[in-house]
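Worksheet for the structure shown next.
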There are 2 protein chains.
Amino acid sequence: MSTRVDHEQRRAQIAEALLRIADTQGLQAASMRVVAAEAGVSLRLVQYYFHTKDELLMDALARLSAQLQVRMQKWIAAAGSPPNPRSIVTAILSSILPTDAESRRITRTYAAYYTLVLSEPRLAEQHGTTYPDMLESFLAKQIRAARQSGDVSAERDPELTAAGLLAMTNGLGSSVLGGQRSGEAALAVLSHHLDELFGPAAATDLSPR
Amino acid sequence: MSTRVDHEQRRAQIAEALLRIADTQGLQAASMRVVAAEAGVSLRLVQYYFHTKDELLMDALARLSAQLQVRMQKWIAAAGSPPNPRSIVTAILSSILPTDAESRRITRTYAAYYTLVLSEPRLAEQHGTTYPDMLESFLAKQIRAARQSGDVSAERDPELTAAGLLAMTNGLGSSVLGGQRSGEAALAVLSHHLDELFGPAAATDLSPR
DNA sequence: CAGGATCTGATACAACCGTATCACCAGTCT
DNA sequence: AGACTGGTGATACGGTTGTATCAGATCCTG
């Protein structure tokens, strides 16, 4: 059971290279050879650690998804103490919006995967497609809590509202990536809708640390 | 100035074939040869009418954009007489949502182009990127009118609200394409938010004719 | 009717793709 | 010590890509 090098580390090194290329040049530019060059290894090595390209693609996607989850956790944790539904919802949605370098990278890379999933739906099943649903119901739970405490009007349906907010955030992200508006402008749109959903209340602190 | 065949018709025939492939298999599957086969012509002919692949890609995108505009016009016209801001906004947004075969085709094809634009931003300038901005300000105008007639709360900023609604609709469209929810479910989310924006009033008639 | 523009077919090209193969080196285990 | 396995390099294979070239049709115009 002895290995000269750390497999996991090597796989990470290569997968990260793939993600870097997907971010800057799109997935269609990420050939095995280009990935190998970006990672600073030989083509053979890429083949050795990932028997097929699909395997590499899937592994990298899993890592990307993990990175996003870590980021969201960080933003939620920094959402203010004690955490209330509003700050949690605000933190989650803001963390998805491409406003800083990291989120822009993640969002752009996800977008690169998006069309791949559209033309190859089998990939969706393989990867945790259930994840966005979990996120949506988590948001709905927060909104329901806020509604019971009177911070949100009783007329709002929690599920529909959560779905709408998440979709809006994704749509805003797309427009930022497409260069149609700045990250700050997108955040302003989101904030306006959150102000309207919850009371016109408090200041909106953002970003962790 | 004599031509045996109608150039425009031939170009349309080929470009339509490209769009059909982009819809069903994604843009990366739309090679010159495949497009030629789909259009039922020889590879040489495709090259003859479109000197380069970029030219074909751009021409097809322009046609797609025109198709969407026609569809939106049709929906607006059928939005009810006399048209009021609410019905117009509802018509526009619903027409974008992938609920029927045509809109699903258009949305999916647009999505196929999306990542292409991300990795090759120069394409965006070439194409009418100003179009979504026009749409957004048109929506804002409708909302401002509804605000002045008292149908929309004065606290709503027309521009921010319009941007949010459009982004939400785009985001909902993405989730439908991704198989996360049905077109009807997306429409329910949108309707809920429109009900909340305008009064809880009238029935929501949709789809033309 | 000759001549030139318009249109179409067949085929070639160099580059790149994902994947596979063959050979070799360096450690570990029996 | 010797066989075996994990890790690595160089190179080749068949296929597909966008584009180019050479040839031959078909038709309008002078």
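Just so it is clear, the structure is predicted and the values come from calculations on it, not from any experiment. No hydrogens, no waters, no symmetry mates; every other heavy atom, side chains included, goes into these values. Just so we're on the same page: letters track the sequence lines, and every chain starts at 1.
Nucleic acid contact for A/Phe50: none, since no nucleic acid atom lies under 4.0 Å from a heavy atom of the residue.
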Go through the steps to decide whether B/Tyr113 and B/Leu116 satisfy the test side chain to side chain contact (heavy atoms under 4.5 Å, CB included), and finish with yes or no.
CA-CA 5 Å; B/Tyr113 269 99; B/Leu116 186 68; 4.1 Å; yes
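In this entry the distance linking OH of A/Tyr48 with C1' of C/dC25 reads 13 Å, nearest Å. Atoms CD (A/Gln25) and P (C/dC16) sit 14 Å apart, rounded to a whole Å. Taking atom CD of B/Gln13 as the reference point, atom C1' of C/dT8 lies 14 Å away to the nearest angstrom.
Remark: A/Tyr49 is not in phosphate contact with D/dG7, judged by side-chain N or O atoms under 4.0 Å from OP1 or OP2. Between A/His7 and the phosphate of D/dG7, there is a side-chain N or O to OP1/OP2 separation shorter than 4.0 Å. Contact annotation: A/Ser42 reaches the phosphate of D/dG9 (side-chain N/O to OP1 or OP2, under 4.0 Å).
Under the side chain to side chain contact (heavy atoms under 4.5 Å, CB included) criterion, A/Asp151 pairs with A/Ala146, A/Ser149, sequence neighbours left out. Residues satisfying the salt bridge (charged side-chain N to carboxylate O under 4.0 Å, His left out) test with A/Glu196, not counting sequence neighbours, are A/Arg156, B/Arg156. Among residues two or more places apart in sequence or in another chain, the side-chain hydrogen bond (donor to acceptor under 3.5 Å, both in side chains) test is passed with A/Asp59 by A/Arg11, A/Arg63.
Under 3.5 Å, the side chains of A/Arg86 and A/Gln142 contain no donor-acceptor pair of N or O atoms.
Identified under the salt bridge (Lys or Arg N to Asp or Glu O under 4.0 Å) test for residues 26-48 of chain A, with sequence neighbours left out: A/Arg20-A/Glu38.
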Go ahead and write out DNA chain D as dot-bracket, 5' to 3': ( ) for pairs within the strand, [ ] for ones crossing earlier pairs, | when the partner sits on another strand, dots for unpaired; Watson-Crick or G-U wobble, both distances under 3.5 Å.
|||||||||||||||||||||||||||..|
Base versus backbone protein contacts along nucleotides 12-25 of chain D [heavy-atom cut-off under 4.0 Å; B, S, -]
B----BBBBB----
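For B/Lys141, the NZ atom counts as loosely surrounded, since its 6.0 Å shell holds 12 or fewer non-hydrogen atoms of other residues, nucleotides or ligands.
Between the side chain of B/Ser174 and the backbone N or O of B/Asn170, at least one donor-acceptor pair lies under 3.5 Å.
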